[in-house]
Enquirer: 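I am attaching a structure below and will ask some questions about it afterwards.
Numbers here simply count residues along the sequence, with the first being 1. This is a predicted model, so every value here is computed, not measured.
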Amino acid sequence: MIEKLNSTLDKVNTLVGVEMDIPKPTKSGLKLSRAFSVVLGIGGIALGIIYTSKLLITLGTLGAISTIATTHELKKF
């Protein structure tokens with residue numbers, strides 16, 4: 001998924017005329033990202049339930065989805 005996104009961004013940058021090097025993700029960087037996503041996901045869902053906030057529940061759910069996507073990318077390494 002990350003490689004597809006990077007190739008799409010490269011094509012857009014070429015069309016626009018912008019030269020930009022997109023950094024390649026590292027295994028340690030993805031692990032750190034996954035840890036932050038877990039904390040934000042659990043925290044957002046928990047606070048959303050406590051304070052009955054749909055916005056916090058939504059953000060927590062997005063954090064959980066991000067955790068799943070990052071874990072999937074880590075398996076490719």
Side-chain angles (χ1 to χ4, degrees):
M1 181 178 354
I2 291 175
E3 290 178 15
K4 288 181 183 179
L5 180 63
N6 283 346
S7 66
T8 303
L9 288 175
D10 284 337
K11 290 176 186 175
V12 170
N13 287 340
T14 303
L15 288 173
V16 177
V18 176
E19 282 192 37
M20 187 168 130
D21 291 329
I22 300 171
K24 303 292 181 195
T26 61
K27 192 170 189 174
S28 62
L30 286 174
K31 284 183 178 181
L32 183 63
S33 174
R34 181 176 61 179
F36 282 128
S37 295
V38 167
V39 170
L40 291 175
I42 292 172
I45 291 172
L47 288 174
I49 291 171
I50 292 170
Y51 294 111
T52 62
S53 171
K54 291 180 183 177
L55 177 63
L56 285 174
I57 292 173
T58 303
L59 291 174
T61 304
L62 288 174
I65 292 170
S66 175
T67 300
I68 294 168
T70 305
T71 301
H72 180 70
E73 288 296 322
L74 271 170
K75 289 181 182 179
K76 292 181 180 178
F77 268 97

Enquirer: Heavy atoms only: give me the nearest N6-K24 pair and the separation to one decimal.
Expert: ND2-NZ, 4.2 Å
Enquirer: Tell me, yes or no, whether the heavy-atom count around Y51 atom OH, taken from other residues, nucleotides or ligands under 6.0 Å, exceeds 12.
Expert: no
Enquirer: Okay, side chain of T67, backbone of G63: is any donor-acceptor separation there less than 3.5 Å?
Expert: yes
Enquirer: Let me check something: do L55 and I57 share a hydrophobic cluster, defined by ILVMFWY side-chain heavy atoms less than 4.5 Å apart, either directly or through other members?
Expert: no
Enquirer: Tell me, with the steps shown, if K31 and T26 meet side-chain contact (heavy atoms from CB on, under 4.5 Å).
Expert: CA-CA 9 Å; K31 284 183 178 181; T26 61; over 6 Å; no
Enquirer: Decide yes or no for L40 and L59: does some side-chain heavy atom of the first lie under 4.5 Å from some side-chain heavy atom of the second?
Expert: no
Enquirer: Rounded to the nearest 0.5 Å, what's the gap from CD1 on I65 to OG on S37? Could you check?
Expert: 11.0 Å
Enquirer: Quick check: closest heavy atoms across T61 and I45, and the distance to 0.1 Å?
Expert: N-CG1, 3.9 Å
Enquirer: From I22 CD1 over to T8 OG1, what is the distance, rounded to the nearest 0.5 angstrom?
Expert: 9.5 Å
Enquirer: Say you draw a straight line from CG of L9 to CD1 of I2; how long is it, rounded to the nearest 0.5 Å?
Expert: 11.5 Å
Enquirer: Give me the atom names and distance for the closest heavy-atom approach of T70 to S33.
Expert: OG1-OG, 4.2 Å
Enquirer: Going from CD on E73 to CD on E3, what distance comes out if it is rounded to the nearest 0.5 angstrom?
Expert: 8.0 Å
Enquirer: Show your reasoning for whether side-chain contact (heavy atoms from CB on, under 4.5 Å) applies to E19 and N13.
Expert: CA-CA 7 Å; E19 282 192 37; N13 287 340; over 6 Å; no
Enquirer: Restricting to non-hydrogen atoms, name the atom on L74 and the atom on L30 that form the minimum distance, rounded to 0.1 Å.
Expert: CD2-CB, 3.7 Å
